[in-house]
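A short worksheet on the structure shown next.
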Amino acid sequence: MAKPVIYQLIPRLFTNYCDRCTPAGTLAQNGSGKLNDITPRILKAIRQLGTTHVWYTGVIEHAHCPDYSAYGITPHNPHIVKGQAGSPYAITDYYDIDPDIARDIPNRIAEFEDLVQRTHRCGMKVIIDFVPNHVARQYHSDARPADAPDDLGADDDTTRFFAHNNNFYYIPRQLFAPSVDLGTGRDAYVEFPARATGNDCFTAFPGVNDWYETVKLNYGIDYGDHTRHFTPIPDTWMKMLHILLYWAAKGVDGFRCDMAHMVPLEFWQWAIKMVRSQYPHIIFIAEIYDVALYHPYINIGGFDYLYDKVNLYDTLRDIQTANHSAARITDCWQRLGDTAPHMLNFLENHDEQRFASTFYAGNPHLVTPSLVVSATLGTGAMMIYAGQELGEPAADAEGFSGLDGRTTIFDYWSIPTIRQWLNHGQPALKNLTPEQRQLRDTYTRILSLCNTEPAIAQGLFFDLMYVNYTSPGFNPHRHYTYLRHHQDHTLLIAVNFDSVPAQTQITIPEHAFEYLGITPGRYHAAELLADTTDAFTLSPDGSIPVTIPAHGAVIWKLTQDSTTTPTDK
């Protein structure tokens, strides 16, 4: 089974070639990338990184400021839209493609279907967002198919805070009054009665830091008395299932489920099983931020992969930026237990600050130790964010987002490094600086190993830290080392978060030989990141001399070869 290597891109940003974007600029000023511009040539360049899946973020229609009423699309009040382009997570029509990213707006669904087919022809699978917890405040489906249930909220009893088959939560007899400007006169946004806000804000008065542009969906939990009402199946469940099946029928291979832990586990247990009864290949990825929920969301809910943000991501960031010990990585895998194969690791995504930003590492070339650990520690999925492989620093103050080390999701904008690489649809390494080419090569080497080396994709793991704390030249505060093993191949992996090279002896304990089934003896050694070779003698509790570059890593592939007689090490 392949280890998923996911490339996240936001089409609105990805193929936008505007080189003079205005902060907080309109669509007319700054433009938008288009689905049709993600060509086979571009997809093949993405595939060359070792990518197996592309996560197209923000393709479903969401709140935005431009008026597309000429195309039968209900306009959105700009006072309740964040930024000019709006959040991809304030969905206004679950059955439609956002018109911003279509060349031919009336044929936007067909353009998406063509993109799915192009992606498949280039050897990759397609993931899109499923946003189940909340919708935009002005949700209305213009594209709802004839066989779909009624629109969300169409049959709600708006006089009640909670009703079993209501799709929303209401604050009866109260006007929606957030601490943001809702306009005046005919241009004002008016909502009465107010509905609960997406981040579980059950009042009419969300603050500026709440998700005030969204409305919480009702899955059968009465947040007034915390009772649960799942029998008979709530109306919202049926509507969400229909949406999942709609997109599965379009050829989508997986769903990244936004804020999955804010939706009842019982829904996931039911819905994922129902989808897989018709589309058994579909994978489900949960955005989740609570390690205590990992077991139930995998073993009961049925998710394939979960964000390991609060565990490995946060640990690696603290090692890089807060002088935390590399030995803490051991705690990460120990905390996971048998959920480890279901983790999705990353160093960047649209919610997080760019690794190269001044808010994080400040230098993209320091990434190797974190990238190697993220990609090779387990058999679960690995994800990168478009531009990460080029060292995108997110140094622009794009508008609504401001200068925050992130690439905006709220504004019409163009990503400088992506624009340089794609060169108006003609991606080529010659368009990059030598430093960018070197960085992209680093990403390509490491990500490609995820599936060319079975020891990484499906092998066993053995942590070597406990026997190397006192090894000569080994600093457990800045170094981390482990084994991956599959059949006749063993990978010795060591990373160095320090600014000076490490010359050390790495001990392999007897227990590793027993647990992994390693045979003592002479081994041919190939270092997979630097293309060098050597030979080592492996023996229980013996040691191997290893040099790890500053801010670097080594991955020694050890293969027993009785015909090779190099000088002993």
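Note that these values count all heavy atoms, side chains included, but never hydrogens, waters or copies made by symmetry.
The aromatic rings of Y360 and Y313 sit perpendicular, their planes meeting at an angle over 60°, well past the 30° parallel limit. Relative orientation of the Y68 and Y71 rings is tilted, given thresholds of 30° and 60° on the angle between their planes.
Between I38 and P11, some side-chain heavy-atom pair lies under the 4.5 Å cut-off. Side-chain contact check for V131 versus V135: every heavy-atom pair is 4.5 Å or farther apart. The side-chain heavy atoms of F14 and I415, taken from C-beta on, include no pair separated by under 4.5 Å. Between D151 and H140 the shortest side-chain heavy-atom distance falls below 4.5 Å. Two residues are said to be in side-chain contact when any heavy atoms from C-beta on lie closer than 4.5 Å; S141 and D93 meet this criterion. Side-chain atoms of I80 and Q138, non-hydrogen and from C-beta on, do get closer than 4.5 Å to each other. At least one side-chain heavy atom of H76 sits under 4.5 Å from a side-chain heavy atom of E61. Side-chain contact between R256 and M383: absent, with no pair of heavy atoms (C-beta onward) separated by less than 4.5 Å.
In summary, the aromatic rings of F230 and F267 are positioned with their centroids too far apart to meet the 6.0 Å limit. Taking the six-membered ring for Trp and the full ring otherwise, the centers of H342 and F303 sit at least 6.0 Å from each other. Ring centroids of F161 and Y223 are separated by 6.0 Å or more, keeping the two rings apart.
With 3.5 Å as the limit, one finds a donor-acceptor pair spanning the side chains of T159 and D157.
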Between T236 and N167, is a side-chain hydrogen bond (donor to acceptor under 3.5 Å, both in side chains) present by the stated rule, with each step listed? CA-CA 6 Å; T236 301; N167 299 135; 2.9 Å; yes

Hey, mind stepping through F284 and R276 against side chain to side chain contact (heavy atoms under 4.5 Å, CB included) and telling me if it holds? CA-CA 10 Å; F284 284 83; R276 289 213 178 107; 3.8 Å; yes

Assess the residue pair H62 and R12 against the criterion (side-chain hydrogen bond (donor to acceptor under 3.5 Å, both in side chains)); give the C-alpha distance rounded to whole Å, side-chain angles, the decisive distance to 0.1 Å, and a yes or no. CA-CA 12 Å; H62 55 268; R12 184 214 302 153; 3.1 Å; yes

Run the numbers on D37 and R103 for salt bridge (Lys or Arg N to Asp or Glu O under 4.0 Å), then give the verdict. CA-CA 9 Å; D37 293 342; R103 282 283 174 205; 2.6 Å; yes

Between V291 and V310, is a side chain to side chain contact (heavy atoms under 4.5 Å, CB included) present by the stated rule, with each step listed? CA-CA 7 Å; V291 176; V310 295; 3.7 Å; yes

Show your working on side chain to side chain contact (heavy atoms under 4.5 Å, CB included) between T39 and I42 and close with a plain yes or no. CA-CA 5 Å; T39 62; I42 290 173; 3.5 Å; yes

Please test C257 against W268 for side chain to side chain contact (heavy atoms under 4.5 Å, CB included), starting from the C-alpha separation and ending with a verdict. CA-CA 10 Å; C257 301; W268 295 117; 3.7 Å; yes

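The CD atom of E287 sits 7.0 Å away from the NE2 atom of H261 when rounded to the nearest 0.5 Å. Rounded to the nearest 0.5 angstrom, D351 CG and T407 OG1 are separated by 12.0 Å. Once rounded to the nearest 0.5 Å, the distance linking CD1 of I409 with CG of N349 reads 10.0 Å. H164 NE2 to N166 CG: the interatomic distance, rounded to the nearest 0.5 Å, is 10.5 Å. Atom CG of L35 and atom CZ of R108 lie 11.5 Å apart (nearest 0.5 Å). To the nearest 0.5 angstrom, W237 atom CH2 is 6.0 Å from E266 atom CD.
Among the candidates Y279, Y95, F255, the single residue satisfying the ring pair (Phe, Tyr, Trp, His ring centres under 6.0 Å) test with Y246 is Y95. Of the listed residues (T92, T197, N77), just one forms a side-chain hydrogen bond (donor to acceptor under 3.5 Å, both in side chains) with R137, and that residue is T197. For the side-chain hydrogen bond (donor to acceptor under 3.5 Å, both in side chains) test with Y294, the passing option among D338, D308, N311 is D308; the others fail.
Shown here is K44, whose NZ atom has no more than 12 heavy atoms of other residues, nucleotides or ligands within 6.0 Å. In K125, the NZ atom is not crowded: 12 or fewer heavy atoms of neighbouring residues, nucleotides or ligands sit closer than 6.0 Å.
Judged purely by atom type and a 3.5 angstrom limit, Y17 uses its side chain to pair as donor or acceptor with the backbone of G425. Between the side chain of K3 and the backbone N or O of G380 there is at least one donor-acceptor pair closer than 3.5 Å. Put simply, the side chain of N133 gets close to the backbone of G198: a donor and an acceptor are under 3.5 Å apart. Of the possible donor and acceptor atoms, one in the side chain of N16 sits under 3.5 Å from a partner among the backbone N and O of W413. At least one donor-acceptor pair closer than 3.5 Å links the side chain of Y139 to the backbone N or O of Y94. Proximity of a side-chain donor or acceptor of S179 to a complementary backbone N or O of V208 within less than 3.5 Å is detected. The main-chain N or O of L371 is never found under 3.5 Å from a side-chain atom of S374 such that the two would form a donor-acceptor pair. Between the D210 side chain and the G207 main chain, a donor and an acceptor come within less than 3.5 Å of each other. In terms of modelled atom types and a separation under 3.5 Å, the side chain of N218 and the main chain of F162 share no donor-acceptor contact.
Across all non-hydrogen atoms, the minimal contact from D258 to P132 is O-CD, 3.4 Å. Heavy atoms only, all atoms of each residue included: Y305 and P341 are closest at CE2-O, 3.7 Å. The two residues E389 and I384 have their closest heavy-atom pair at OE1-CD1, 4.1 Å. Taking all atoms of both residues into account, the shortest heavy-atom contact from S32 to D100 is OG-O, 3.1 Å. Of all heavy-atom pairs spanning I221 and R228, the tightest one is CD1-NH1, 3.6 Å. The heavy-atom pair separating L241 from A271 by the smallest distance is CD1-O, 4.1 Å.
Contacts of T203 classified as side-chain hydrogen bond (donor to acceptor under 3.5 Å, both in side chains), with partners at least two apart in sequence or in another chain: none. Judged as a ring-ring contact (aromatic ring centres under 6.0 Å, His included), and not counting sequence neighbours, Y385 has no contacts. Residues forming a side-chain hydrogen bond (donor to acceptor under 3.5 Å, both in side chains) with D331 (at least two apart in sequence, or on another chain): none. Partners of H350 according to the ring-ring contact (aromatic ring centres under 6.0 Å, His included) rule, which considers only residues two or more places apart in sequence or in another chain, are W55, Y89. Residues satisfying the ring-ring contact (aromatic ring centres under 6.0 Å, His included) test with Y189, not counting sequence neighbours, are none.
The list of ring-ring contact (aromatic ring centres under 6.0 Å, His included) pairs with a residue in residues 99-133, not counting sequence neighbours, reads F112-W247.
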